[in-house]
Amino acid sequence: GLDSALASAMEARLGGIAAVSDQKSRTSQYKEVLDELLSGDGDAEGLKLMVTHMLSDDVPLVISRQVLQTLCQDLQRLPSERHKETADFALEKITPRVVSFEEQVSVLREGLSKLYQDERLWSRAAQVLSGIDLDSGIRVLSDEYKLQKCVQIAALYLEDDDALNAETYIKKASFLLGACKDPALELQYKTCYARISDAKGRFVEAAMRYYELSQSEPEGLNGAAKSDARLAEALSCAITCAILASAGPQRGRVLATLVKDERCASLPNFGMLQKVYLERILRAEEVNAFGASLKPHQLAVGDDGLTVLSRAVSEHNLLSASKLYNNISIAELGALLGVGSDRAERTAAKMISEGRVAGSVDQVDGAVTFRDAEDGGAVVEQWDAQIMNVCLQVNAVVELMEKKNVTVAM
């Protein structure tokens, strides 16, 4: 057919060039063929033949590297499907000899990754980029370049909410951070780290990292208005994560920091933040309004059958109840938390065992007794102390009456 005839003609032409003795002339003739193949919408089949020829023994490395470098860079001129088809073929052919063509593979992968990013195929774009060998002993790469690539791959995985793969690359990046001279890159690294902590449900850590981001110098961002919006967004994320964090002393410290920051007062969830900080019981309608602003991973259902939000609210309301009640029946506690008695008992037992609430669960009487964690005295001990105090005062009165010769019938 016509295709096979064209292919044979192309092979013969390339073979003819390979026989030219002058290296400079040979290189320029290859580049002429390459320009023809890349003109218009490009000739994918011709380009594939060119790649195969360049990797054959007929072409010395010094020429093939140069021509393939040009080919890999100029593929971006082609329509996306042709670009993809040729780049995939080239990667497959070059891979067995990747040590000789690391620079060309990097250019191919970066171009291909950009195509996938334009199509919003984030994980695919990240996978293509992650094929670049950053630890190669052949090519000398700066730590800043390696850091940039690791952060870029992590950010791409995060676009698809893949925190697991993102964390792998952000951890690699953390070892290279000392080399960073670019404030924008450092800011991108910190943003990725905060988002990973958030996505993996480490909400106290995420809140602290978002808060740190909200205090970043604007030079790491482009334009004053953009930087203000970005800082406000980071602060807003810090508030959300602090509210979703497990109730306890660590979260309390983060909440206190946020409430005292005057920038928070103008943000949408400030009312909720205040109630949580003041340890007020949260009502269903407030929780639902807050829930509407959450991201999908923040509404994920855990192994215990609760969403992140409902677990955080149950724990918060239990902590609030511990400040209001000395003791409460498990059934009443369940009604207060908006969950069944079993769930209320499990939540209380878990928080008490983890030292986040001081108290005890009496399964026989079906009640929870809280005590003041600050002075360590149980409510019962407090009651005993009050009785002792009354008895001592009665004794003092009796002694006084006896001194005045008033007979006291005991």
Side-chain angles (χ1 to χ4, degrees), residues 197-198 201-208 210-211 236-261 264 267-295 297-361 368-374:
S197 303
D198 182 352
R202 302 195 297 259
F203 292 117
V204 171
E205 183 188 349
M208 293 192 305
Y210 278 130
Y211 186 66
S236 196
C237 289
I239 292 175
T240 300
C241 288
I243 293 169
L244 291 174
S246 298
Q250 228 188 339
R251 178 215 202 197
R253 286 192 287 277
V254 178
L255 290 169
T257 304
L258 289 168
V259 166
K260 287 169 192 164
D261 190 320
C264 292
L267 296 174
N269 288 324
F270 183 65
M272 183 82 162
L273 174 71
Q274 267 189 316
K275 283 199 82 169
V276 171
Y277 171 66
L278 296 169
E279 294 177 337
R280 304 250 171 87
I281 286 177
L282 302 172
R283 302 286 165 213
E285 57 275 13
E286 294 167 322
V287 174
N288 292 339
F290 174 67
S293 68
L294 298 182
K295 299 182 184 113
H297 73 266
Q298 293 168 336
L299 295 165
V301 178
D303 297 337
D304 55 3
L306 289 176
T307 65
V308 172
L309 176 59
S310 53
R311 189 184 311 114
V313 169
S314 292
E315 290 185 359
H316 167 79
N317 281 348
L318 193 139
L319 190 64
S320 302
S322 74
K323 310 291 178 187
L324 294 173
Y325 296 87
N326 288 339
N327 51 28
I328 186 171
S329 75
I330 289 169
E332 276 183 75
L333 182 63
L336 193 67
L337 304 186
V339 296
S341 301
D342 286 357
R343 177 80 66 196
E345 187 182 332
R346 279 204 297 276
T347 304
K350 182 173 183 282
M351 289 181 73
I352 290 166
S353 69
E354 290 172 357
R356 291 189 281 143
V357 171
S360 58
V361 178
V368 180
T369 301
F370 298 111
R371 61 171 197 271
D372 188 346
E374 285 178 24

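Along the sequence shown, residues carry numbers from 1.
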Here the gap from Cys237 atom SG to Asp198 atom CG, rounded to the nearest 0.5 Å, amounts to 6.5 Å

CD1 (Ile239) and CD (Gln274) are apart, to the nearest 0.5 Å, by 10.0 Å

Any heavy-atom pair between the side chains of Ser314 and Met351 that's under 4.5 Å?
no

Residues Glu279 and His316: closest non-hydrogen pair is CA-CE1, 3.9 Å

So SG of Cys264 and CG of Leu258: to nearest 0.5 Å the spacing works out to 5.0 Å

Sequence neighbours excluded, the answer for side chain to side chain donor-acceptor pair (under 3.5 Å) partners of Glu286 is Lys275

Sequence neighbours excluded, the answer for side chain to side chain donor-acceptor pair (under 3.5 Å) partners of Tyr277 is none

When the side chains of residues 246-256 are checked against the rest of the protein, which donor-acceptor pairs come out under 3.5 Å, sequence neighbours left out?
residue	atom	partner	partner atom	Å
Arg251	NE	Ala242	O	3.1
Arg251	NE	Ala245	O	3.4
Arg251	NH2	Ile243	O	2.9

* **Pairwise side-chain contact, Leu282 with Phe290, heavy-atom cut-off 4.5 Å (strictly under)** => no

Q | Leu309 side chain reached by Gln298 side chain, heavy atoms, under 4.5 Å | A | no

Side chain to side chain contact (heavy atoms under 4.5 Å, CB included) filter on Glu345, not counting sequence neighbours, yields Ile330, Val361, Gln363

Residues Cys241 and Ala206: closest non-hydrogen pair is SG-CB, 3.9 Å

### Query
Do Leu294 and Leu244 have side-chain heavy atoms sitting under 4.5 Å apart?
yes

Worksheet item: Any side-chain heavy atom of Val313 sitting closer than 4.5 Å to one from Ser310?
Response: no

Sequence neighbours excluded, the answer for side chain to side chain contact (heavy atoms under 4.5 Å, CB included) partners of Glu205 is Tyr193, Ser197, Arg202, Arg209

Applying side chain to side chain contact (heavy atoms under 4.5 Å, CB included) to Leu278 and not counting sequence neighbours gives Arg280

So OG1 of Thr240 and CG of Leu273: to nearest 0.5 Å the spacing works out to 9.5 Å

